[in-house]
Amino acid sequence: MQTARRVVCAMSGGVDSSVAALLLRRRGYDVTGVFMNNWDAVDENGACSLEKDCEDAYRVCKMLDIPFHQVSYVKEYWHDVFSYFLKEYERGRTPNPDILCNKHIKFNRFLSYAIDNLGVDAIATGHYARTSLEDKEVFQQKYMKTPQSLFRNRFEIRNDVKLLQAADQIKDQTFFLSQISQNALRKTIFPLGELTKAYVKKIAAEAGFHHVLRRKESMGICFIGERHFENFILEYLEPQPGKFVSVEDGQIMGTHKGWFLFTLGQRARIGGQRDPWFVVDKDVTTGNVFVAPTTDHPALYRELVRTDRMHWLSEDPPAELVKNKMMECQFRFQHQMALGNSPLICSFALHRRKRK
């Protein structure tokens, strides 16, 4: 008799990860639930939400009769995610901590822990996403802890696993998974990829997961939760008061506590202003935040976007891009933003390291 495949499911205490664990059990897998503790602090009201999250996750595992473990990545989260998050804000940029968290914690350190310490065949999460692999193909994939070299062996034949959008286009979370490694993608199962959020809630209700259904949908920073953002950031970065300046006539529209609190394109809530104003630019030297009225102001639009080094889920860039230094692609820079078409011009050849 064949031994059941072992899968670790990342449990957050929410409805999605709870149903993911349930579906894995129904498929006949030997499932273990693991709760990750990655933030060692209380929220603004003095209540530690992580304890409640952990308790809810434990209750689900008890109901499913599966083992429950806890693992702490507090130091790793601070070093790999939150410190970078703060440094980027100080530079005037707006990083996405959920993308960083998935890249460094869930699909790196947690994956290694699950395979090396618990000896499982794959991990699973409650993300709304899919891959090009069936479950049985995931179990056949070889796990490599770190790449053997910077470049892939040119004679190696590998069929790259694709990250695919979820069936529920509204809940699709592939944006947050955009920087995980090909190695992690090969060893991950997304049980909710073919389901809608409404159907997931129906499954949870039928399974008696009423305590997780009553929870408010989490919309906060990964592992930190929902907070008053300005107050939270000002706990770690020194206030740098400045002015809101109109791009139209240079008029001072109001004041703020720090230019790093604002993202280009966002609505600037300026005291005393009845009409909405939107952030166009930031001067990190003077502390001025330049704003424009209306969402369709010309100053809010750009024809060119420059990026940092690209991350390829397939590890190697597309052949068309390498050959032509340009390719048509679709892009988004926000979760749930409609995909837009744009030519991608790449200076790949200028920065690519030579093979020895």
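These numbers come from the heavy atoms of this one structure, side chains and all, not from hydrogens, waters or symmetry mates.
One finds a salt bridge joining Asp80 and Arg109 here, because a Lys/Arg side-chain nitrogen approaches an Asp/Glu carboxylate oxygen to under 4.0 Å. Between Lys52 and Glu55 there is no salt bridge, since no side-chain N of the basic residue sits under 4.0 Å from a carboxylate O of the acidic one. A salt bridge links Glu206 with Lys202: the distance from a Lys NZ or Arg NE/NH1/NH2 to an Asp or Glu carboxylate oxygen falls below 4.0 Å.
Contacts of Arg267 classified as side-chain hydrogen bond (donor to acceptor under 3.5 Å, both in side chains), with partners at least two apart in sequence or in another chain: none. The side-chain hydrogen bond (donor to acceptor under 3.5 Å, both in side chains) search around Ser178 returns none, not counting sequence neighbours.
Here the side chains of Leu195 and Leu23 are in contact, with some heavy-atom distance below 4.5 Å.
Atom-to-atom distance recorded for Lys243:NZ and Thr255:OG1 is 8.5 Å, nearest 0.5 angstrom. With rounding to the nearest 0.5 angstrom, the CG atom of Asp121 is 9.0 Å from the CD1 atom of Ile189.
At most 12 non-hydrogen atoms from other residues, nucleotides or ligands lie less than 6.0 angstrom from NE2 of His79. Atom NZ of Lys197 has more than 12 heavy atoms from other residues, nucleotides or ligands within 6.0 Å.
Within the 3.5 Å criterion, the main-chain N or O of Phe176 finds a donor-acceptor partner in the side chain of Asn102. Judged by distance alone, the side chain of His311 and the main-chain N or O of Ser181 form no donor-acceptor pair under 3.5 Å. In terms of modelled atom types and a separation under 3.5 Å, the side chain of Lys106 and the main chain of Lys103 share no donor-acceptor contact. The backbone N or O of Gln251 lies less than 3.5 Å from no partner atom in the side chain of Ser246, so there is not a single donor-acceptor pair.
Checked against a 6.0 Å centroid threshold, the rings of His69 and Tyr113 do not count as neighbours.
Thr174 and Asp172 form a side-chain donor-acceptor contact under 3.5 Å, judged by distance and modelled atom types alone. Judged purely by distance below 3.5 Å, without hydrogens or angles, the side chains of Asp168 and Tyr199 never pair a donor atom with an acceptor atom.
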Run the numbers on Phe82 and Tyr236 for ring-ring contact (aromatic ring centres under 6.0 Å, His included), then give the verdict.
CA-CA 10 Å; Phe82 196 66; Tyr236 299 93; 5.0 Å; yes

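Shortest non-hydrogen contact noted between Thr32 and Arg6 is OG1-NH2, 4.4 Å.
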